[in-house]
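Let me begin by presenting the structure, written as structure tokens, before commenting on it.
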Amino acid sequence: MRLLRKFYKRPTLNIAKELLGKYLIRKIGNKKLVGKIVETEAYIGPKDKAAHSFGGKITKRTKTEYLIGGHIYIYLVYGMYWQLNIVTQTAEKPECVLIRALEPVFQDKILNTKLANGPGKLCQWLKFNKSFDGEDLTKSKRIWLEKGEKIKKSQIICAKRIGIDYAGPYWSKKHWRFYIKDNLFVSKK
DNA sequence: TGTCCGATATCCT
DNA sequence: GGATATCGGACAT
């Protein structure tokens, strides 16, 4: 059962937490790859100095952040890694959630904890690129989210976001990174 | 048009 | 712990 629009139009911090345990489905040809979301980070522009939409900035890159919740915002960092974000809220609120790590879900029992334990790596695994920018998760035939597994509140860890020291102490110390406790597939163990 | 630099991963010491 | 690969976007010129 695919997640519907209303899921994505709620407050970003709630969504960032509730995305944990959800299944990300990626269809490549007639193969279906499934990853359980185990780590996220919230970016709450325009007030959040660490967000690309800080100050209400609209550019060629950030304009997809201003779509309504449920779209994909994807961009390149360091000249080589794609970063997959899910847009939340509405056009007045350019907010999003960065997907930082997935636990691969396979029919067979191969266990690879290093396949998608980082925002760049999960995009390599699932072959994401610029063509996914602006894709609608409620309609797309090649990527969407499903209900997945229920994660208890006591199993969710809140921590500092990664790699955003440039935003200054106030914003960089906000605990807007969320991951599943004791999960082997999160990044930066 | 030019310069600067990053929401990372990996290899090196 | 530190260096570095590698390039498009942002913004200044």
Side-chain angles (χ1 to χ4, degrees), chain A residues 8 11-20 22 24 26 33 35 37-67 69-89 93-104 111-135 137 143 145 156-180 183-189:
Chain A
Y8 301 104
T12 302
L13 287 174
N14 292 6
I15 296 174
K17 281 181 248 186
E18 288 169 35
L19 279 173
L20 297 175
K22 297 277 186 288
L24 179 76
R26 169 80 171 99
L33 291 169
I37 298 174
V38 297
E39 183 177 348
T40 62
E41 269 180 17
Y43 286 86
I44 309 194
K47 63 179 183 183
D48 179 0
K49 209 170 171 187
H52 291 159
S53 56
F54 174 66
K57 203 166 54 175
I58 303 178
T59 64
K60 216 171 172 182
R61 179 174 64 158
T62 64
K63 65 180 193 300
T64 50
E65 277 203 81
Y66 293 80
L67 296 172
H71 288 83
I72 282 182
Y73 170 45
I74 196 164
Y75 68 90
L76 197 67
V77 266
Y78 304 116
M80 58 185 101
Y81 296 109
W82 294 99
Q83 306 280 294
L84 181 70
N85 297 256
I86 295 177
V87 177
T88 58
Q89 292 277 8
K93 293 186 175 176
E95 306 180 7
C96 66
V97 176
L98 170 67
I99 305 300
R100 286 195 52 89
L102 298 173
E103 173 179 335
L111 192 77
N112 185 349
T113 58
K114 298 199 162 82
L115 196 56
N117 62 333
K121 287 165 84 173
L122 71 90
C123 286
Q124 271 176 2
W125 175 47
L126 295 178
K127 297 186 170 40
F128 286 119
N129 55 49
K130 200 176 176 61
S131 75
F132 283 83
D133 195 44
E135 190 98 349
L137 286 168
I143 175 172
L145 295 186
I156 297 177
I157 308 283
C158 308
K160 272 175 63 176
R161 291 178 290 178
I162 307 271
I164 51 149
D165 289 342
Y166 64 85
Y170 180 80
W171 293 105
S172 62
K173 75 172 188 240
K174 291 228 175 263
H175 283 33
W176 286 351
R177 173 177 172 234
F178 306 99
Y179 60 92
I180 299 176
N183 187 283
L184 297 172
F185 300 83
V186 302
S187 68
K188 306 257 175 191
K189 270 197 282 296

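A, B, ... follow the sequence lines: proteins, then strands. Residue 1 opens every chain.
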Exercise for the section: For nucleotides 3-11 of chain B, just jot down a letter per nucleotide in 5' to 3' order: B, S or -, based on protein non-hydrogen atoms under 4.0 Å. Expected result: ---BBBSS-

Exercise for the section: For residues I72(A) and T64(A), determine if any side-chain heavy atom of one lies less than 4.5 Å from a side-chain heavy atom of the other. Expected result: no

Practice task
Mind checking which stems touch DNA chain C? I mean at least 3 consecutive Watson-Crick or G-U pairs, both distances under 3.5 Å.
Solution key: B:1-6 with C:7-12, B:8-12 with C:1-5

Completion exercise
Minimal heavy-atom distance between L122(A) and P119(A), with the atoms involved, is CG-O, 3.6 Å

Problem - Donor-acceptor contact below 3.5 Å, side chain T59(A) vs main chain T62(A) - result: yes

Practice task
Using the C1' atom on both, measure dC5(B) against dA3(C) and round to a whole Å.
Solution key: 16 Å

Fill in the blank from the handout: Outermost contacting nts on DNA chain C, any atom under 4.0 Å from chain A heavy atoms, listed 5' then 3', are dA5(C) to dC11(C)

Fill in the blank from the handout: In terms of heavy-atom contacts, E95(A) and G45(A) come closest through CG-O, 3.4 Å

Problem - Over all atoms of both residues, closest heavy-atom pair of S187(A) and R100(A) - result: OG-NH2, 3.0 Å

Fill in the blank from the handout: Of all heavy-atom pairs linking Q124(A) and Y81(A), the shortest is NE2-CE2, 3.8 Å

Practice task
Quick one: sort the H52(A) and Y73(A) rings into parallel, tilted or perpendicular, breaks at 30° and 60°.
Solution key: perpendicular

Exercise for the section: Using only heavy-atom distances, determine whether the side chains of Y43(A) and E41(A) contain a donor-acceptor pair under 3.5 Å. Expected result: yes

Practice task
Assign K160(A) to base, sugar-phosphate, or nothing according to its heavy-atom contacts below 4.0 angstrom with the strands shown.
Solution key: nothing

Fill in the blank from the handout: Correct closest heavy-atom pair for G134(A) and L67(A) would be CA-CD1, 4.1 Å

Handout entry: Any side-chain heavy-atom pair of E135(A) and F128(A) under 4.5 Å
Key = no

